[in-house]
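Accompanying notes for the structure given below.
Here is the naming used below: chain letters follow the sequence lines, and residue numbers restart at 1 for every chain.
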Number of protein chains: 2
Amino acid sequence: MDTNYVRYEQPGVTVDLVIFTVSEEKLKVMLVKRASQPFSGCWSVPGGFLRKDESLEDAAFRVLEEKAGVKKVYLEQLYTFGKPDRDPRDRIITVTYIALIPWKSLAQPVSKNVIDVAWFSVDDVPDLAFDHREILDFAVQRLRAKAGYSSIVYGLLPERFRLSDLQKIYEIIMNQKFDKRNFRKRMLATGLLQETGAKDMTGAHRPAMLYEFKKRELVFFD
Amino acid sequence: MDTNYVRYEQPGVTVDLVIFTVSEEKLKVMLVKRASQPFSGCWSVPGGFLRKDESLEDAAFRVLEEKAGVKKVYLEQLYTFGKPDRDPRDRIITVTYIALIPWKSLAQPVSKNVIDVAWFSVDDVPDLAFDHREILDFAVQRLRAKAGYSSIVYGLLPERFRLSDLQKIYEIIMNQKFDKRNFRKRMLATGLLQETGAKDMTGAHRPAMLYEFKKRELVFFD
DNA sequence: CCAAAAGTGTTATTGATACACCCATGC
DNA sequence: GCATGGGTGTATCAATAACACTTTTGG
C-alpha cells in the first residue's frame with residue numbers, strides 16, 4: 001500500500017454471501033428478492049454494506065444471521081468483485097463469501113417475511129441482479145473443487161450423521177455416484193471421523209452408526 | 001447486496017501485490033520502502049489506491065508496471081483484508097494479488113530509484129508495514145499449496161526453459177528435492193509441455209532440450 | 001416374512017517411488 | 001580426457017477401482 005497516490009473518490013464496499021445447503025437431493029442456494037432500486041423485485045444473493053468498525057468477516061456473519069438466522073456455520077472468503085460498472089449507479093466493490101448450512105439447522109422458516117427469501121437449486125436459478133450470476137457460478141465451482149481435496153463438505157452436515165448421509169452430500173455436490181465400500185474405506189482412512197456410540201433408529205431397517213467430524217475448523221488448502 | 005442498510009462512512013480501497021520471483025536458488029518477494037506516513041521508511045509490499053473507472057485487476061496491473069516495469073505476467077487475486085484497525089489512520093480495505101515474474105524478465109534495474117525497491121528471500125524479510133507480514137505469509141502458503149496441484153509455477157519461468165530449470169523452481173518453492181527421472185516422467189505426462197526444436201547451448205556440457213508451456217493461461221483449481 | 005438401508009473383503013489396476021549408468025558438449 | 005549437467009528404464013510398493021452378499025430393523 002502506498003499513500004502517495006492521489007486518493008480518488010472511494011468506492012462503496014459491500015459483503016455478499018453465497019449461502020449453500022443441501023436438501024431434496026439438490027445443492028441449493030439462498031436468494032433474496034430485492035425491495036429497492038436498482039434491480040427492484042429481482043432475485044439476488046444476500047448482502048449488505050460494510051459498517052464502520054466491523055471487519056469483513058464480522059459483516060459476513062451479520063448478514064448471515066439477519067437473512068438465515070444462523071450463527072456458527074462454515075464461512076470462507078470467495079473472491080472480491082470490482083468492475084467499475086457492476087452496479088449501475090455507484091461504484092461498489094463487493095467482497096464475497098461462501099457459507100454452508102446443514103439443512104437441519106434451518107428448521108425455522110428462513111425469514112419472517114417468507115416471500116422474499118427462498119432456496120433455489122443451483123442448476124435452476126432465475127435471473128439475478130448485478131453480477132450475482134457470475135458470483136454464484138464462481139462459488140459453485142469453488143465448492144465443487146474443494147469438495148475433492150478438503151473437508152469442506154462437513155459444513156453441510158449436522159453434528160452427527162450417518163456415513164450414507166456423507167456419501168449422499170458428496171454425490172450431490174460432485175454430481176457423481178460412488179461405490180459404498182470404497183467410499184467408506186476412504187472416509188474412515190482420513191482419520192477425521194469419530195464414531196459416536198449412538199445409532200440412528202429412524203426407518204424400517206438396520207440402524208446406522210452415527211459419526212461426528214473430529215475437527216470442524218480444519219480445511220486443507222486454499 | 002442490499003441497499004436498504006444505512007450507508008455508513010465508506011472505507012478506502014487499495015490493491016496490494018505480493019510479487020514473487022526466483023533467483024539465486026531462493027523464492028524472493030519484491031518490497032518497497034515507504035516514503036510517507038504511516039510507517040514511513042518501513043518496508044512494505046507494493047500497492048496503491050484503486051482509481052475511479054479502474055477494475056481491481058487493472059489496478060493490480062498498473063501497480064505491477066509502475067513498480068516492476070513488467071506487463072504480461074501471471075496475476076491472481078489472493079485475499080481481501082479488512083480489519084478495522086489494519087491502517088492506524090483511515091479505514092482501508094485492501095484487495096491483494098499474487099504476481100509471478102520470471103527472473104529473466106527483470107534484466108533492467110527494478111526501478112529508477114533503486115534504493116526503495118528490493119528483492120528479499122521470503123525466509124529473510126524485514127519487519128513490514130501494516131499487516132503486510134500476514135499478507136506475505138498468506139501468499140507464500142497459497143503459492144506452495146498451488147504448486148502441488150496446478151501449473152502455477154510456469155509463471156516463474158521464461159518462455160523457453162530446460163526441464164532442469166522447471167525442477168529447480170519446484171524444489172525451491174516446495175523446499176524439497178525430487179528424483180530427476182520421476183520428475184521428468186510426471187511433467188511430460190501432464191501433456192502441458194511442448195518441445196521446441198531448440199537446445200540450450202550455454203555451458204560446458206551436453207545441450208538441453210528447451211521446452212515451452214502449452215497453455216500459459218491454464219490453472220486447475222481456485 | 002418382506003422391504004429397506006447398513007455393513008463388510010478381496011482382487012485387479014493404476015499411479016508413485018526408488019534407484020544407477022551412459023551421453024554430449026566446452027575447455 | 002575430464003568435468004559438467006543431460007538424458008534414460010525397470011522393479012517395487014501404495015493407492016484406487018471394481019465388484020455382491022449378509023445383517024438388522026420396522027411393519
* Evaluate the criterion salt bridge (Lys or Arg N to Asp or Glu O under 4.0 Å) for residue pair B/Arg162 and B/Asp165; output intermediate values, then yes/no. => CA-CA 5 Å; B/Arg162 300 168 294 176; B/Asp165 296 329; 2.9 Å; yes
Requested in this report: Keeping the roles fixed (side chain from B/Thr96, backbone from B/Tyr79), state whether a donor-acceptor pair exists under 3.5 Å.
Outcome: yes
Checklist line | Exam field: side chain A/Ser44 to backbone A/Ala129, donor-acceptor pair closer than 3.5 Å | finding: no
May I ask you to say whether A/Arg86 pairs ionically with A/Glu134, meaning some side-chain N is under 4.0 Å from a carboxylate O? no
What I want to find out is whether B/Asp58 reaches B/Arg62 closely enough, with some N-O distance under 4.0 Å, to be called a salt bridge.
no
Q. Any chance CG of A/Asp123 has more than 12 other-residue heavy atoms, nucleotides or ligands included, within less than 6.0 Å?
A. yes
Can you tell me the distance, in whole Å, between the [atom1] atom of [X] and the [atom2] atom of [N]?
X        : N      : atom1 : atom2 : answer
A/Arg162 : C/dA4  : CZ    : P     : 15 Å
B/Lys185 : C/dA16 : NZ    : C1'   : 8 Å
A/Leu163 : C/dA6  : CG    : C1'   : 10 Å
B/Arg186 : C/dG15 : CZ    : P     : 14 Å

The correct set of residues in residues 174-182 of chain A placing a heavy atom under 4.0 Å from DNA chain D is A/Asp179, A/Arg181, A/Asn182
Footprint ends on DNA chain D, 5' to 3', for atoms under 4.0 angstrom from a heavy atom of chain A, come out as D/dA17 to D/dG26
Shortest non-hydrogen pair, B/Ala139 vs B/Leu78, comes out as CB-CD2, 3.7 Å
- Mutual orientation of the aromatic rings belonging to A/Phe213 and A/Tyr154 [parallel < 30°, tilted 30-60°, perpendicular > 60°]: parallel
Exercise for the section: Is it possible for you to check whether B/Arg186 lies under 6.0 Å from the centre of the six-membered ring of B/Phe178, through NZ or CZ, and within 45° of that ring's axis? Expected result: yes
Exercise. Looking at A/Phe130, is A/Arg34 sitting on its ring face, NZ or CZ under 6.0 Å from the six-membered ring centre and within 45 degrees of the normal?
Worked result: no
Given protein heavy atoms under 4.0 Å, the one-letter contact record of nucleotides 22-27 of chain C, with B base, S sugar-phosphate only and - none, is simply -BBBS-
